[in-house]
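Below is one structure; the comments refer to it alone.
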2 protein chains.
Amino acid sequence: MISRDQTAKRVAAFQAVCRIHGVKATHQRMEILRELAGTEEHPDVETIYERVRRRIPAISLDTVYRTLRLLEEKGVIRRVGSIKDRTRFDANTERHHHFVCAQCGMIGDFTSDVLDRFPVPREAAQMGSVDGVYVELRGRCRKCQMEAKKPEKR
Amino acid sequence: MISRDQTAKRVAAFQAVCRIHGVKATHQRMEILRELAGTEEHPDVETIYERVRRRIPAISLDTVYRTLRLLEEKGVIRRVGSIKDRTRFDANTERHHHFVCAQCGMIGDFTSDVLDRFPVPREAAQMGSVDGVYVELRGRCRKCQMEAKKPEKR
DNA sequence: ATCCATCCAGTAATGATTACTATTTAATAA
DNA sequence: TTATTAAATAGTAATCATTACTGGATGGAT
Ligand SMILES: [Mn+2]
Ligand SMILES: [Mn+2]
Ligand SMILES: [Zn+2]
Ligand SMILES: [Zn+2]
């Protein structure tokens, strides 16, 4: 869980972005961001939709998709998790990387000085200009490891 | 372009895998792998389909999807390129990483001792067991940089 | 309080991927 | 070589996430 303060700060930051970009700070947008900014679990669209619906029952799925695209476009959130079918989101735009469980999809944050200082190899630099580094550690989370050990259940 | 020898070697390796796993080494499967093993451009399904169709006009798109899934499952190929909609494939299973052009989708290979020796941070190790590291440099390729500079043309 | 460009809800459309099924084929042995 | 048969394919339908469309609603500037 993210602190209420931190969440509020992110929502306020987006309201400022709205003013600057001449975009309306609607109830729906704030609730969607508040939902994403208040969790560390990197939820997918469907999950965000279900949760926001508890507060705005009539909200449409398209609004969630549209808003998340807007937020990403404005640099307020990022999308994470490759390969898999469903896109997942992250309101934490600080520099950090992810551990992804190949089994259950759990995504956890970690930081790394080595990666942050990673010098772009000449070989890569020759291909073009590098804007960012996307790193993902793939494996099996603790919970899934435990479950694999238990031969009972079933 | 990959050398004919190298391509043939990969196809032969897959035939061995088929024998071991009791899977049929069909004409379609060999041609699909041959197509992927013969290029460095990390093509998507549609591209592979179009190209294989030149040699097997009646091949179905589903067969291409099914075969690529099989090849990946057997560890003969990998899928690369995150976020984006269309999945792209790579027959090169040697340890290497990718540069991805955010504009045109061009994908290039590079190697890195630093990344290969990358020690998994404790923070990440605590989340579970790590099987692999996926690294992607994102930026703008030379070609797209050039085109952005030319204000003429439209 | 009014006005209007922007936004939203509801729903249809799209596009990639997967599933289904009748027919064909690779592999094995007679 | 031919017969046998489980597995694979072609053709097509279905699915599922995401995006587009449209008439009605609303934020926010005046
Ligand atoms: Mn994160
Ligand atoms: Mn590659
Ligand atoms: Zn897990
Ligand atoms: Zn490019």
Side-chain angles (χ1 to χ4, degrees), chain A residues 11-12 14-33 35-36 42-50 52-74 76-77 79-89 105, chain B residues 11-12 14-35 42-50 52-74 76-77 79-89 105:
Chain A
V11 174
F14 176 52
Q15 284 178 317
V17 169
C18 286
R19 245 172 273 120
I20 294 165
H21 290 78
V23 165
K24 292 184 181 171
T26 66
H27 182 43
Q28 288 88 339
R29 286 172 176 170
M30 292 309 133
E31 286 303 324
I32 289 167
L33 175 57
E35 192 56 57
L36 184 59
H42 309 84
D44 61 16
V45 178
E46 196 66 32
T47 303
I48 296 169
Y49 174 57
E50 291 301 342
V52 172
R53 213 137 73 113
R54 300 203 280 247
R55 278 172 282 153
I56 312 177
I59 197 168
S60 93
L61 183 55
D62 182 39
T63 297
V64 179
Y65 272 104
R66 246 184 305 106
T67 301
L68 290 169
R69 252 183 295 162
L70 175 74
L71 290 167
E72 188 199 8
E73 195 176 298
K74 299 303 182 196
V76 176
I77 67 172
R79 50 185 76 202
V80 299
S82 53
I83 307 301
K84 299 284 278 181
D85 37 6
R86 305 160 92 121
T87 306
R88 298 175 61 166
F89 295 86
Chain B
V11 174
F14 177 51
Q15 284 178 318
V17 168
C18 286
R19 245 173 272 119
I20 294 165
H21 290 78
V23 165
K24 291 183 183 172
T26 67
H27 182 44
Q28 287 89 339
R29 285 173 176 170
M30 292 310 133
E31 286 303 323
I32 289 167
L33 175 57
R34 199 187 315 281
E35 192 57 56
H42 309 84
D44 61 16
V45 177
E46 197 65 32
T47 303
I48 296 169
Y49 174 56
E50 291 303 341
V52 171
R53 213 138 73 114
R54 299 204 281 247
R55 278 171 283 153
I56 311 177
I59 196 167
S60 93
L61 183 56
D62 181 38
T63 297
V64 179
Y65 272 104
R66 246 183 306 105
T67 301
L68 290 170
R69 252 182 296 162
L70 175 74
L71 290 167
E72 188 199 6
E73 193 177 300
K74 300 303 182 196
V76 176
I77 68 172
R79 51 184 75 202
V80 300
S82 51
I83 307 302
K84 300 283 280 182
D85 38 4
R86 304 161 92 121
T87 306
R88 297 176 61 166
F89 295 87

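A note on names: the letters A, B, ... follow the listed sequences, proteins ahead of strands, and every chain is numbered from 1. For clarity, every value in this text was computed on a predicted model and none was experimentally measured.
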- Does OP1 or OP2 of dT25(C) have a side-chain N or O of Thr26(B) closer than 4.0 Å? no
- Could you check if a side-chain atom of Ile32(B) sits within less than 4.5 angstrom of a side-chain atom of Ile59(B), using non-hydrogen atoms only? yes
Can you find a pair of side-chain heavy atoms, one from Asp44(A) and one from Thr47(A), that are under 4.5 Å apart? yes
query = Taking it one step at a time, do Arg69(B) and Glu72(B) satisfy salt bridge (charged side-chain N to carboxylate O under 4.0 Å, His left out)?
reply = CA-CA 5 Å; Arg69(B) 252 182 296 162; Glu72(B) 188 199 6; over 6 Å; no
Between CD of Gln15(B) and C1' of dA26(C) the distance, given in whole Å, is 12 Å
Separation of dA10(D) atom C1' from Gln28(B) atom CD, nearest Å, is 9 Å
Smallest heavy-atom separation, Val23(B) atom then Arg29(B) atom, equals CG1-NH1, 2.9 Å
Within residues 58-71 of chain B, those residues having any heavy atom closer than 4.0 Å to DNA chain D are Ala58(B), Ile59(B), Ser60(B), Asp62(B), Thr63(B), Arg66(B)
Here the pair of heavy atoms bringing Cys18(A) nearest to Met30(A) is SG-CE, 4.3 Å
Got Leu70(B) and Phe14(B) here, is their nearest side-chain heavy-atom distance under 4.5 Å?
yes
Rounded to whole Å, CZ of Arg88(A) lies from P of dT18(D) at a distance of 12 Å
Original post:
Do Val52(B) and Thr63(B) have side chains that get closer than 4.5 Å, going by heavy atoms?
Top reply: no
In whole angstroms, the gap separating C1' of dC8(C) from NE2 of His27(A) amounts to 12 Å
Atom CE of Met30(A) and atom P of dC7(C) are separated, to the nearest Å, by 11 Å
Atom CZ of Arg86(A) and atom C1' of dT17(C) are separated, to the nearest Å, by 15 Å
Of the listed dT17(C), dC8(C), dA26(C), the closest approach to the Thr87(B) side chain comes from dT17(C)
d(Thr87(B) OG1, Arg79(B) CZ) to nearest 0.5 Å is 5.0 Å
CD of Gln28(A) to OG1 of Thr67(A), rounded to nearest 0.5 Å, is 7.5 Å
Sorted by number, residues from residues 16-24 of chain A placing a heavy atom under 4.0 Å from DNA chain C are Val23(A), Lys24(A)
Between CG of Asp44(B) and P of dA16(C) the distance, given in whole Å, is 9 Å
Here the distance between atom P of dA10(D) and atom CZ of Arg29(B), to the nearest Å, is 11 Å
